[in-house]
Number of protein chains: 2
Amino acid sequence: MQNAVTNDRQRRILETALDLFTRRGYFNTSVHDIQRAADISIGSIYHHFGNKEGIAKALYDDLVAQMTEAVARIRERNKGLYQRGRAFIAYLFEMAETMPAAMNYILYARHREFMPGETPICSSKPFELVQDMVGEAMRAGEIKSQDPVIASAVIFGGAIRLIHLRLDGVLERPLSDCEADVWQCAWRSVAGAE
Amino acid sequence: MQNAVTNDRQRRILETALDLFTRRGYFNTSVHDIQRAADISIGSIYHHFGNKEGIAKALYDDLVAQMTEAVARIRERNKGLYQRGRAFIAYLFEMAETMPAAMNYILYARHREFMPGETPICSSKPFELVQDMVGEAMRAGEIKSQDPVIASAVIFGGAIRLIHLRLDGVLERPLSDCEADVWQCAWRSVAGAE
DNA sequence: GTCTATATTTAGATAGAC
DNA sequence: GTCTATCTAAATATAGAC
């Protein structure tokens with residue numbers, strides 16, 4: 001992973017790319033499109049990012065780093081999976097509402113199609129951290145014992161699916177409206193060591 | 001929607017396209033690639049499907065039709081959401097194992113990126129039917145009353161997430177192994193009118 | 001309906017001045 | 001570091017013989 005991007009110009013390139021990638025898709029966006037929209041020369045773009053994939057990768061690394069930090073903070077500030085899981089979903093829902101393009105990019109972009117070397121998002125750092133929290137809760141007896149992959153999928157699958165629906169315009173009300181309901185259902189599905 | 005494809009040649013084109021689209025992605029597959037792999041002339045391909053998007057669309061329509069029929073059959077042969085939902089997940093899991101390319105295409109392809117006019121899969125026919133079943137169960141008091149969109153997401157979100165994980169190679173055991181667990185959790189999350 | 005050969009466009013990427 | 005102008009390869013699509 002390369003250094004975080006600090007330069008203003010680079011930021012503007014990435015923001016523009018994120019916007020275009022999300023609205024039209026990676027393959028329907030040419031570097032020339034980014035150049036036009038960001039009003040920065042194409043030479044400059046290639047100078048900073050090497051090639052088109054470099055733009056996508058920088059964007060991805062940036063967002064994953066942000067998310068990893070957020071998850072770590074959630075873990076720190078909350079005790080137990082009940083609190084932590086709820087906070088995580090709240091974070092995802094808020095991000096989906098305030099930065100839909102970023103959320104869309106992370107969830108949807110099908111990165112492997114244009115970043116061959118990259119691991120799928122679901123096995124990246126932030127999701128590993130979440131899985132760790134689930135395993136921890138299991139050992140503590142907070143939730144019943146089972147395959148942690150399955151447990152994580154069941155706990156967060158509903159919320160993730162709702163985010164997809166929201167980003168696709170199927171769900172019309174903001175996600176925060178159903179946060180409590182979703183978490184209640186999710187928790188009930190795994191709670192109570194029996 | 002156009003007529004189903006019956007011709008042998010057309011079938012071979014579609015099968016090849018599905019394979020390539022799934023493994024390399026739509027935009028990394030050229031019509032020439034399909035031509036080579038299917039060993040059918042490019043003129044013939046354009047004759048039948050008009051353009052590249054026409055191939056993707058025929059494929060999509062075909063798979064959605066198959067799935068719609070399957071869901072209708074599930075609805076017919078089972079009573080109550082408990083049986084129906086379980087049968088639906090079993091169907092999805094089996095399809096993911098026996099026709100991973102097809103499942104991948106349906107779930108992942110991000111169709112809207114290359115089929116601008118198409119509705120997202122989650123609001124297509126088969127998913128509508130599933131939502132109807134959920135609503136029906138709610139009115140019958142089989143599950144507690146709430147927004148049917150949320151309920152559907154919670155019930156099937158975990159299973160869908162597991163399919164994603166399986167197709168991405170994160171989950172190593174076949175999906176059938178966790179079918180019972182997943183359904184038990186899913187059902188517990190919404191069951192019991194209270 | 002099927003084929004080969006070709007036209008057209010546009011993408012990603014580079015060169016080289018400043 | 002930034003820019004303009006340009007190169008090159010490859011993709012979609014078509015023409016027209018059979």
Side-chain angles (χ1 to χ4, degrees), chain A residues 2-60 62 105 109-118, chain B residues 2-60 109-118:
Chain A
Q2 60 196 42
N3 287 340
V5 174
T6 45
N7 185 304
D8 260 14
R9 259 183 133 70
Q10 294 180 40
R11 279 246 83 83
R12 192 151 103 248
I13 294 168
L14 288 184
E15 275 165 27
T16 308
L18 174 59
D19 178 55
L20 292 174
F21 287 172
T22 307
R23 285 188 311 165
R24 307 185 197 165
Y26 176 82
F27 290 98
N28 292 323
T29 302
S30 71
V31 180
H32 290 280
D33 290 337
I34 298 172
Q35 178 263 308
R36 259 190 303 275
D39 198 30
I40 288 177
S41 76
I42 197 165
S44 205
I45 295 179
Y46 275 96
H47 174 77
H48 283 299
F49 298 100
N51 56 28
K52 187 180 174 186
E53 193 182 320
I55 305 173
K57 179 134 175 48
L59 209 44
Y60 183 74
D62 213 48
Y105 186 74
R110 191 79 182 98
H111 302 94
R112 282 152 41 159
E113 187 164 330
F114 54 88
M115 306 192 316
E118 202 57 47
Chain B
Q2 61 196 39
N3 287 340
V5 174
T6 46
N7 184 304
D8 261 14
R9 259 183 134 68
Q10 294 181 38
R11 279 245 82 84
R12 193 152 102 247
I13 294 168
L14 288 185
E15 274 166 27
T16 308
L18 175 59
D19 178 54
L20 292 175
F21 287 172
T22 306
R23 284 188 312 164
R24 308 185 196 167
Y26 176 82
F27 291 98
N28 292 323
T29 303
S30 72
V31 180
H32 288 282
D33 291 337
I34 299 172
Q35 178 262 309
R36 259 188 303 274
D39 198 30
I40 288 176
S41 76
I42 196 165
S44 205
I45 295 178
Y46 275 95
H47 174 77
H48 284 299
F49 298 101
N51 56 28
K52 187 181 174 185
E53 194 182 319
I55 305 173
K57 177 129 176 53
L59 208 44
Y60 182 74
R110 191 78 182 100
H111 301 94
R112 283 152 40 157
E113 187 164 329
F114 53 88
M115 307 191 314
E118 202 58 45

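Proteins come first, then strands; the chains are lettered A, B, ... in the order of their sequence lines, and each starts at number 1. No hydrogens, no waters, no symmetry mates; every other heavy atom, side chains included, goes into these values.
A:Ile45 places its CD1 atom 14 Å from the C1' atom of D:dT4, with the value rounded to the nearest Å. Between the CZ atom of B:Arg36 and the C1' atom of D:dA10 there is a distance of 11 Å, rounded to whole Å. Per the geometry, OH belonging to B:Tyr46 stands 13 Å off C1' belonging to C:dT8, to the nearest Å. Following rounding to the nearest Å, B:Ile34 (CD1) and D:dA13 (P) show an atom-to-atom distance of 11 Å. Atom NE2 in A:His32 sits roughly 14 Å away from atom P in D:dT6 (whole-Å rounding). Per the geometry, CD1 belonging to B:Ile42 stands 11 Å off P belonging to D:dT14, to the nearest Å. Rounded to whole angstrom, the span from the NZ atom of B:Lys52 across to the C1' atom of D:dA10 amounts to 12 Å. At whole-Å resolution of the value, CG in B:Asp8 and P in C:dG1 are 13 Å apart.
For D:dG1, the OP1/OP2 oxygens have no side-chain nitrogen or oxygen of A:Arg9 closer than 4.0 Å. Note on A:His48: a side-chain N or O is less than 4.0 Å away from OP1 or OP2 of D:dT2.
A donor and an acceptor atom, one from each side chain of B:Asp19 and B:Thr16, are nowhere located under 3.5 Å apart.
Comparing C:dG1, C:dC3, D:dA11 by their closest approach to the side chain of B:Ser30 singles out D:dA11.
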